[in-house]
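I have placed the structure first, in the form of C-alpha cells, so that the comments after it can refer back to it.
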Protein chains: 2
Amino acid sequence: MDQPSRSAGTVRPGGRTARVRAAVLEATQDELVEHGFHGLTMDQVAARAGVGKTTVYRRWGSRAGLVADLMTELANQSTPYADTGGIEGDLRANAFSVLEALNDGRLGSTFQAVIAAATSDEQAAQALRAFYLRRIEEWANVVDLAVKRGELPEGTDGGEVIRAISAPLYYRLVVTREPVTREAAERSVARTLAAARAGAFVVPDSAG
Amino acid sequence: MDQPSRSAGTVRPGGRTARVRAAVLEATQDELVEHGFHGLTMDQVAARAGVGKTTVYRRWGSRAGLVADLMTELANQSTPYADTGGIEGDLRANAFSVLEALNDGRLGSTFQAVIAAATSDEQAAQALRAFYLRRIEEWANVVDLAVKRGELPEGTDGGEVIRAISAPLYYRLVVTREPVTREAAERSVARTLAAARAGAFVVPDSAG
DNA sequence: TATTTAATGGAACCTATGTTTCGTTAAGAT
DNA sequence: ATCTTAACGAAACATAGGTTCCATTAAATA
C-alpha cells in the first residue's frame, strides 16, 4: 500500500478531496455513536460516507487513524478560554464546557473512542495528548489572570488547576463509568478552588 | 454456540478447568502487555496459554469477556484499606497503591485494556464499575475514621474524597497520557486534603 | 476402579476485514 | 479549452478472526 495518510490528499486538497474527508469524518462520528470504537469498521465508514473503501484505507490506514484525525479536527475547532472577570466564574465556565462535551452524544462518543484507541495506538495517543495539552495551556490563562488580580496565591500552577477541574469528570466517564452530572462539575470547581486558595497548587520553584 | 461463560466451567471447576482458567488469564495479561487491547486476539491467547481456542471462545466468548474476567479476578485480590492512624498517612497509602498499580507493567496494561474495552462493551463496563465502586467503598472508611478523630469536618463524603485522590492519576494515565509520577500522587493527596479540611467534601444533607 | 458426562482441543469451515489491481474522474496548471 | 496526473472507487483477491463438529480426556461420584 502507498503510505496511508501521508501522500494522499496533500497535493490536491480542494474540491473532491475535502468533501471526502468531511464525509468520512462525519460518518466516523456517526458510527462511533452507534457502535463505539470496538464496533467501528473501515468498511461501514466507507459505505456510510458514500466513498470507496479503498480511499478510506489509503488516507487513514486504520480505525485508529480515523479517530486520530477526528481528534485533530476537534482540536482546530477549540474555543478560547472564558473571561468572566472572576476565577470562580471562569473555572465554572471551563467545567461546564467539559460537562457539555462529555454529555453530548457525538462528542462524548468521540472522546471515549479516542481514549480507547490511544491505549494501544501511538497515533491516537499523540492526537489525544496534543488536544488536551493545548486545551490546558489555553485555559491556564484564567488562573494567571486570577493570580494577577490577587484572587489566588502567587505561584499557583494554572495547568494543574485546569487538570484538577477536568480530572474528576473524566474519571467518572471512563473509570467508574458513573453519570457525569452538573453537580459533579460544580463540586469539582468548589473543591479545586478551595485547594487553590489554600495554596495547594503553588509550585515550589516558581515564585516570580 | 452453547452460552459462552455461563454453562461452561461451573459443574466441574476443579483440576483441569481451574488450570485452564489460570493459564488463559495469565496469557491474556501477557498479550495485553505486549499488544494492548486492540491487538489482543482469542487465537493468540489460546496458543500462548497452551489451550484450544475452542475453549477460549466457549468460556469467554470475546476479548471483552477475557478482560472482564481478568478484572473480576483482580477485584477478588483487592487489599483492605490502610490504617496508619492519621488521615494524611491513609490517603498517601491509597494514592501510592494506585500509583504502583498504574505503573506496574501487568496491572497498568490490564487497567488500560479494561478501560478501553468498557467504552464499547457492557460486560467490561460492569466489571470495571464493580471493581472501582468496591474499592472506593472500602477506602472510604479511612475518611469516616478521620471524621471521628476530628481530623476532617463532620459530614465529609468519604467516597468522594477517595475518588478525588485517584482521579488526577487516572486522568494522566488515560486522557493526557502523561507519566504518572510519585509527585503527581503526592500533589493529589495534598490538594484533596486541603479541600477536605476546608469542608469542600461536606455533603449538604448528611449532618449526623 | 469403573462409570458418567463436563470440559477440552484438533481440524474443517465460514465470514468479515483488509489489500491489491487497475480503469475512471476531476483538481490544478497552462 | 486542454493536459497532466492526483485522487478516487469497483471488483477481485487474501487472510485473520471467529464458529461448528465431533472425537478425546479427565472431574466428580459411587
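It should be emphasised that the depicted structure is a prediction, and the values quoted were computed from it without experimental measurement.
For A:T54 and D:dA10, a side-chain-to-base donor-acceptor distance below 3.5 Å is present, hydrogens and geometry of angles not being considered. For a distance-only test at 3.5 Å, the side chain of B:K53 fails to qualify as a donor-acceptor partner of the base of C:dG9.
Closest to the A:R19 side chain, of the nucleotides C:dA27, D:dC8, C:dT8, is C:dA27. Of the candidate nucleotides C:dT19, D:dC8, D:dG17, D:dG17 has the atom lying nearest to any side-chain atom of B:Y57. Closest to the side chain of A:R16, from the set C:dA26, D:dA27, C:dG18, is C:dA26. Nearest nucleotide to the side chain of A:R59, out of D:dC8, D:dA12, C:dT21: D:dC8.
A ring-centre distance under 6.0 Å is found for B:Y132 and B:Y170.
Using a 4.0 Å heavy-atom distance criterion, B:T41 is classed as a sugar-phosphate-only contact. Within the nucleic acid shown, B:R63 has no heavy atom closer than 4.0 Å to any nucleic acid atom.
If you take CE of B:M42 and P of C:dT15, they are 19 Å apart, rounded to a whole angstrom. Note: CZ (B:R58) to P (C:dA6) measures 12 Å, nearest angstrom. Between B:L66 atom CG and D:dG17 atom P the separation is 14 Å, expressed in whole Å. The nearest whole Å value for the distance from the CG atom in B:L40 to the C1' atom in D:dG17 is 12 Å.
A salt bridge does not link B:E137 to B:R134: none of the charged side-chain nitrogens sits closer than 4.0 Å to a carboxylate oxygen.
Looking at heavy atoms from C-beta onward, B:R187 lies out of side-chain contact with A:F201 at the 4.5 angstrom threshold.
A side chain to side chain donor-acceptor pair (under 3.5 Å) with B:E26 is found for one member of B:R106, B:R21, B:R48 and no other, namely B:R106.
Contact annotation: B:T55 reaches the phosphate of C:dG9 (side-chain N/O to OP1 or OP2, under 4.0 Å).
Looking only at atom types and distance, the side chain of A:S97 has a donor-acceptor partner in the side chain of A:R135 under 3.5 Å away.
Where B:R21 and B:H38 meet DNA chain C, the nucleotide closest to each residue was compared, and B:R21 sits on the side nearer the 5' end.
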